[in-house]
Amino acid sequence: MDFLYKVYQFCIVLPIGLLITFLCSVLVALSAVCGFTRWGATYFGRAWAWSILRLLLIPVTVEGRENVQKNQSYIFMANHQGSFDIFLVYAYLHHEFKWMMKKSLFDIPFVGMACRKAGFIAVDKSSRRAIAQTMIDARNVLQGGASMCMFPEGARTFTGHMGVFRRGGFQLADTLQLPIVPMTIDGSFDILPRQKGFTFVKRHPLRLVIHKPLYPESKGAENIKRMMDESYATIMAALPERHQGYVENTDQ
């Protein structure tokens with residue numbers, strides 16, 4: 001079965017997936033040109049991610065959608081198990097948001113074009129000035145009433161365990177007094193662990209847990225630390241026992 005699944009990936013999923021990626025990227029860009037940026041980024045992006053997961057026959061379970069309100073602005077914080085985190089969140093969160101993502105992802109053909117047109121935020125760590133500009137861009141998006149999704153670890157895990165959280169997103173939430181929604185992702189590491197080069201994915205269930213929002217109780221360093229600690233503990237608690245506990249990521 002494993003061999004047949006690899007053949008299916010190469011002969012069916014790869015060509016169809018590339019075609020879907022191209023079409024959805026173009027549709028997102030055209031939506032932006034026509035003045036429907038938010039609609040196009042949300043629905044064509046969701047269709048792209050959902051189609052890829054369905055093509056790969058990946059079973060998905062979602063818990064906690066009732067914890068978020070449709071018209072409320074949030075900062076969604078999730079652990080970063082692997083590349084399939086993006087497909088899972090995009091397809092199954094069912095809330096309009098912008099991604100805060102690595103600048104290198106904007107160099108991917110067609111995908112990068114769609115990300116720019118959709119108004120996603122590129123995380124540039126090349127200098128202090130670039131980092132400051134990233135935070136300004138993110139703040140402008142959130143002040144406009146949109147929600148944002150980010151991975152506060154800043155990098156995918158090498159082991160399936162969580163690394164440390166960076167403060168940037170929590171500082172934004174504190175400055176703008178926005179609620180943070182912790183989200184636990186499980187299964188992405190088992191589908192495609194972090195490594196170099198091309199490899200086939202493994203068919204494994206994906207699980208997304210959308211936890212209750214954490215609302216600011218004050219403003220300043222104490223509030224930031226509380227929201228970081230509570231987010232970390234909440235996300236960690238919903239992981240399976242084999243991925244419990246902190247393990248250092250070498251690129252953090």
Side-chain angles (χ1 to χ4, degrees), residues 1-10 12-14 16-17 20-21 45-68 74 76-95 97 99-102 105 111 149-165 180-212 231-249 251-252:
M1 289 297 293
D2 183 58
F3 173 74
L4 290 177
Y5 188 51
K6 288 180 178 178
V7 171
Y8 170 72
Q9 287 179 58
F10 189 78
I12 304 296
V13 177
L14 182 60
I16 295 179
I20 291 172
T21 300
R46 187 180 298 171
W48 165 73
W50 182 87
S51 299
I52 297 299
L53 291 176
R54 295 299 294 171
L55 268 174
L56 287 165
L57 311 176
I58 303 294
V60 176
T61 58
V62 182
E63 305 169 26
R65 279 208 195 103
E66 69 278 4
N67 290 327
V68 297
Y74 299 103
F76 294 95
M77 299 283 193
N79 60 311
H80 205 1
Q81 279 204 342
S83 300
F84 275 75
D85 298 343
I86 294 173
F87 297 110
L88 176 62
V89 174
Y90 217 162
Y92 288 95
L93 177 55
H94 291 186
H95 190 91
F97 65 90
W99 284 104
M100 193 169 182
M101 54 203 295
K102 286 184 176 181
L105 296 176
V111 173
C149 184
M150 62 183 71
F151 301 110
E153 292 164 276
R156 289 168 291 159
T157 176
F158 283 103
T159 64
H161 296 77
M162 287 170 61
V164 298
F165 279 3
I180 284 175
V181 178
M183 298 193 301
T184 301
I185 293 173
D186 181 44
S188 182
F189 179 78
D190 300 281
I191 291 175
L192 189 64
R194 185 176 179 182
Q195 55 191 316
K196 292 183 179 180
F198 173 82
T199 187
F200 292 96
V201 306
K202 295 181 180 179
R203 189 169 179 268
H204 189 280
L206 274 173
R207 176 170 163 258
L208 175 66
V209 183
I210 306 165
H211 299 283
K212 293 182 179 179
S231 295
Y232 196 93
T234 299
I235 295 171
M236 175 80 75
L239 287 171
E241 186 176 351
R242 64 195 176 96
H243 288 154
Q244 290 281 334
Y246 165 75
V247 173
E248 182 180 3
N249 274 326
D251 63 347
Q252 278 200 319

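Computed from a predicted structure; not experimentally measured. Just so you know, these numbers use all the heavy atoms, side chains as well, and skip hydrogens, waters and symmetry mates.
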Please walk me through it: do Met162 and Tyr246 pass side chain to side chain contact (heavy atoms under 4.5 Å, CB included)? CA-CA 6 Å; Met162 287 170 61; Tyr246 165 75; 6.0 Å; no

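Looking at residues two or more places apart in sequence or on another chain, you find no side chain to side chain donor-acceptor pair (under 3.5 Å) involving Thr234. With sequence neighbours excluded, the residues forming a ring pair (Phe, Tyr, Trp, His ring centres under 6.0 Å) with His80 are Phe151, listed by chain and number. With sequence neighbours left out, the ring pair (Phe, Tyr, Trp, His ring centres under 6.0 Å) criterion links Phe200 to Phe198. Take Ser51 and apply the side chain to side chain donor-acceptor pair (under 3.5 Å) test, not counting sequence neighbours, and it matches no residue. Partners of Phe87 according to the ring pair (Phe, Tyr, Trp, His ring centres under 6.0 Å) rule, which considers only residues two or more places apart in sequence or in another chain, are Trp48, Phe84. Legend: residues meeting ring pair (Phe, Tyr, Trp, His ring centres under 6.0 Å) with Phe189, ordered by chain and number and at least two apart, are His243.
In this structure, CZ in Phe97 is found 6.5 Å from OH in Tyr90, a value given to the nearest 0.5 Å. Atom CE of Met183 is separated from atom CE of Met77 by 10.0 Å, given to the nearest 0.5 angstrom. Separating the NE2 atom in His211 from the CD1 atom in Ile180 is a distance of 13.5 Å, to the nearest 0.5 Å. With rounding to the nearest 0.5 angstrom, the OG1 atom of Thr199 is 7.0 Å from the NZ atom of Lys6. Interatomic distance, Arg203 CZ to Gln9 CD, rounded to the nearest 0.5 Å: 11.0 Å. Going from atom OG1 of Thr184 over to atom CG of Leu239 covers 5.5 Å, rounded to the nearest 0.5 Å.
The side-chain heavy atoms of Tyr8 and Leu4, taken from C-beta on, include no pair separated by under 4.5 Å. A heavy-atom distance below 4.5 Å is found between the side chains of Val201 and Tyr5.
With hydrogens and angles disregarded, a donor-acceptor distance shorter than 3.5 Å links the side chain of His161 to the backbone of Arg242. At least one donor-acceptor pair closer than 3.5 Å links the side chain of Arg194 to the backbone N or O of Arg156. Distance alone, capped at 3.5 Å, places no donor-acceptor pair between the Tyr92 side chain and the Thr61 backbone.
For the residue pair Val68 and Phe76, the shortest heavy atom distance occurs at CG1-CE2, 3.9 Å. Scanning all heavy atoms of the two residues, the minimum distance from Met150 to Met100 falls at CE-SD, 3.3 Å. Contact record, Val62 with Val60: CG2-CG1, 4.1 Å, taken as the closest heavy-atom pair. Of all non-hydrogen atoms in Pro152 and Ala78, the two that sit nearest each other are CD-O, 3.3 Å. Asn67 and Tyr74 make their closest contact through O-OH, 4.3 Å (heavy atoms, listed as atom of the first residue, atom of the second, distance). Of all the heavy atoms in Leu208 and Ile185, the pair that sits closest is CD1-CG1, 4.0 Å.
More than 12 heavy atoms of other residues, nucleotides or ligands sit less than 6.0 Å from atom CZ of Arg65.
Partner Leu88 forms a side chain to side chain contact (heavy atoms under 4.5 Å, CB included) with one of Ile58, Leu206, Ile191 and no other, that one being Leu206.
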